[in-house]
Undergrad: 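Here it is: the structure, laid out below.
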Amino acid sequence: MNDSLVNMVFSFLCSLVTLVLYTSVIKSHMVHEWGWGWLRGNHSRLSQYEEKYSYFPETERIKRLGDAKNMFQFAYDNYVKYAFPLDELDPIHCTGRGSDQSDPSNLNINDVLGDYSLTMIDTLDTLAIIGNTSEFKQAVQLVIENVSFDNNSTVQVFESTIRVIGGLLSAHLLITDASQPFGDLEPEGYENELLEMAYELGTRLLPAFDSTSTGLPHPRVNLQHGVPEDGIKQTCTAGAGSLLLEFGLLGQLMHDPVFEGVAQTAVKSLLASRSNKTGLLGNVIDISSGKWVGTQSGLGAGSDSFYEYLLKAFIMFGNSSYLDSFNELYSSLKKYMRRGRQNCRSGLGDVPMYVNTHMDTGKTINTWIDSLQVAFAGVQVLAGDIEEAVCTHALFYAIWKKYNALPERFNWASKQPDVLFYPLRPELIESTYFLYQATQHPYYLHVGSHILESIETYCKSKCGYATLHNVITKTKEDRMESFFLSETCKYLYLLFDKDNHVNTAFHRYIFNTEGHLFPLRSEYRTKTWWNPCKDDRSCASVNFASNMSHQCVNMAPEKHFPLPLNSHYMEQIDKLVGLI
Ligand code: DMJ
């Protein structure tokens with residue numbers, strides 16, 4: 001990896017700095033203020049939060065690592081046994097399911113299930129990461145031998161891209177990494193079949209970009225027939241604007257500039273449609289007119305990965321205009337969507353929170369937050385804004401503590417869920433993992449441990465892990481989405497596996513929004529068909545740190561606490577969600 005790339009991923013250095021900072025601060029607090037009294041049983045000066053979260057035993061970490069592995073293995077084995085080659089496992093009835101051909105309007109299913117062994121493809125790199133090399137090789141063979149994209153399935157372009165193209169590319173890159181850091185992953189006679197499959201699927205998705213003057217893609221494509229005649233012409237922001245990583249990588253690996261080109265055009269089109277009053281985007285846009293039909297500006301469903309991919313595309317490809325756009329948007333988000341006290345970890349005022357606003361006014365338009373929103377804490381860690389990430393995460397963990405799950409939507413005004421289901425989503429554990437990587441604070445191991453325990457207790461079913469239909473009654477639904485294996489289990493495992501190659505070489509990888517591991521390589525930043533110097537932005541060798549508005553957080557000493565967030569702030573959040 002060249003020097004500029006090392007510079008670029010400055011946030012990982014931030015993580016290191018923060019790690020040292022936290023470790024020394026925790027030690028000095030304990031030694032000087034309490035004289036290690038907590039070890040001698042003098043608990044009087046420690047709040048219950050501090051007492052609970054300041055330490056995580058090594059034996060417990062090892063146990064949790066085993067638990068996470070067992071969770072993955074149980075669900076994966078049963079998917080292979082009962083569902084493969086179908087897309088998903090029904091974990092209660094122990095059967096498989098594919099697309100719903102009888103009801104094309106069943107988008108909840110058909111958007112993601114394309115009759116292409118979705119769960120298997122989505123799971124490949126998790127097998128590698130947990131060290132199951134033999135099963136990885138076998139799974140790759142099964143995918144090569146069984147999966148076809150020549151199906152009469154109408155899928156969502158975004159879902160197909162992040163889950164299937166993302167999964168195939170990740171597995172291909174792990175197989176072809178000459179240093180084989182996860183062990184020998186190369187199936188006998190491997191001839192880039194996964195890459196070719198990704199290219200074939202990408203090519204089948206390309207009609208989504210035809211005949212739209214805005215450059216915004218149709219949200220759905222039939223894999224055999226292209227854009228459906230009667231197709232919906234409205235797309236969410238995340239759907240249209242989060243294809244950069246996979247399309248960019250695919251184009252690079254196949255030497256085909258079309259892919260990054262269309263993904264980039266869609267992003268530019270969205271950015272050009274920002275409100276000229278606030279700089280914010282809405283959540284649904286008409287691909288023909290380029291007019292917003294959903295004017296809610298938020299961080300959750302429909303918008304989430306758009307912000308994420310601007311930052312990650314910069315880290316991956318080095319185009320500084322992605323970073324500039326991310327920074328501009330982040331400033332607007334903070335200005336118009338953020339409520340509460342100015343600093344997460346100091347000062348007086350309400351709990352910091354990002355609310356849903358109208359894109360033109362910045363006025364609050366409803367009082368719910370959704371579970372996908374917590375992924376933004378991981379983005380904030382990558383952006384080096386760790387202090388802010390701590391608060392984004394803490395709010396959602398308080399909701400988890402209340403229900404032992406995350407309701408799809410939680411109303412912070414009524415302190416009740418507005419939408420009650422929990423489909424085994426990964427976002428909370430994902431941001432827990434990122435914050436642990438950045439801070440190494442045992443608090444985040446406790447959080448992960450609690451999440452693992454809750455899923456084991458309330459979601460485990462006869463053949464896998466089931467969606468919670470209702471987080472209050474804990475009734476289940478017979479569905480295990482593919483992201484449970486590709487993300488939820490992966491991040492849980494990585495949280496507890498401190499020696500995993502991903503963690504020891506954290507600065508050399510990036511995760512796509514489906515949790516697929518992509519290596520960062522200098523050659524991805526030197527493509528020949530696109531020259532950043534011709535862009536309107538400067539192409540001078542990008543120094544990540546100097547371009548960021550949220551440099552490594554240099555916290556004032558009075559802001560250093562033995563907890564990521566001082567206990568009275570934690571208590572304030574628990575009260576806000578109605579936990580205490
Ligand atoms: C996943 O497919 C991805 O994480 C995506 O970015 C959002 N939705 C699901 C998980 O909740």
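Both counts, for ligands and for their atoms, begin at 1 and track the order of listing. In this text, all values refer to a predicted model and were calculated from it rather than measured experimentally.
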Undergrad: Using heavy atoms and a 4.0 Å limit, tell me yes or no: is P426 in contact with ligand 1?
TA: yes
Undergrad: Heavy-atom distance to atom 3 (C) of ligand 1: which of D304, T513, T488 wins?
TA: T513
Undergrad: What is the closest protein heavy atom to atom 1 (C) of ligand 1, and at what distance does it sit?
TA: E514 OE1, 3.0 Å
Undergrad: Does the side chain of S242 come within less than 4.5 Å of E308's, by heavy atoms?
TA: no
Undergrad: I want to confirm something. Looking only at heavy atoms, which of E308, E427, E408 is nearest to atom 10 (C) of ligand 1?
TA: E427
Undergrad: Do E246 and N512 pass the side-chain hydrogen bond (donor to acceptor under 3.5 Å, both in side chains) test, and can you show the C-alpha distance, the side-chain angles, and the key distance before you say yes or no?
TA: CA-CA 8 Å; E246 298 78 9; N512 87 339; 2.8 Å; yes
Undergrad: Show the atom names and distances, to 0.1 Å, of all donor-acceptor pairs under 3.5 Å that link a side chain in residues 422-430 to residues at least two apart or in another chain.
TA:
from	atom 1	to	atom 2	distance (Å)
Y422	OH	R425	N	3.4
Y422	OH	R425	O	2.9
R425	NE	E408	OE1	3.0
R425	NE	E408	OE2	3.2
R425	NH2	E408	OE2	2.7

Undergrad: Would you please name every residue forming a ring-ring contact (aromatic ring centres under 6.0 Å, His included) with H172, sequence neighbours left out?
TA: Y190
Undergrad: Parallel, tilted or perpendicular for Y433 and F511, by the 30°/60° rule?
TA: perpendicular
Undergrad: Within a distance under 4.0 Å of any heavy atom of L372, pick out the atoms of ligand 1 and give their elements.
TA: 7 (C), 8 (N)
Undergrad: Does E487 approach ligand 1 within less than 4.0 angstrom via side chain, backbone, both or neither, non-hydrogen atoms only?
TA: side chain
Undergrad: For D100 and N110, what are the C-alpha separation, side-chain angles and deciding distance, and is it a side-chain hydrogen bond (donor to acceptor under 3.5 Å, both in side chains)?
TA: CA-CA 6 Å; D100 185 351; N110 291 334; 5.4 Å; no
Undergrad: Within the structure, is a non-hydrogen atom of R163 found at a distance of less than 4.0 Å from ligand 1?
TA: yes
Undergrad: In sequence, state the C-alpha distance, the side-chain angles, and the governing distance for K490 and D125, and then conclude on salt bridge (Lys or Arg N to Asp or Glu O under 4.0 Å).
TA: CA-CA 9 Å; K490 182 186 285 151; D125 64 323; 3.0 Å; yes
Undergrad: What is the nearest protein non-hydrogen atom to atom 9 (C) of ligand 1, stated with its residue, atom name and distance?
TA: F483 CD2, 3.6 Å
Undergrad: Would you call I162 a ligand 1 contact, heavy-atom distance under 4.0 Å?
TA: yes
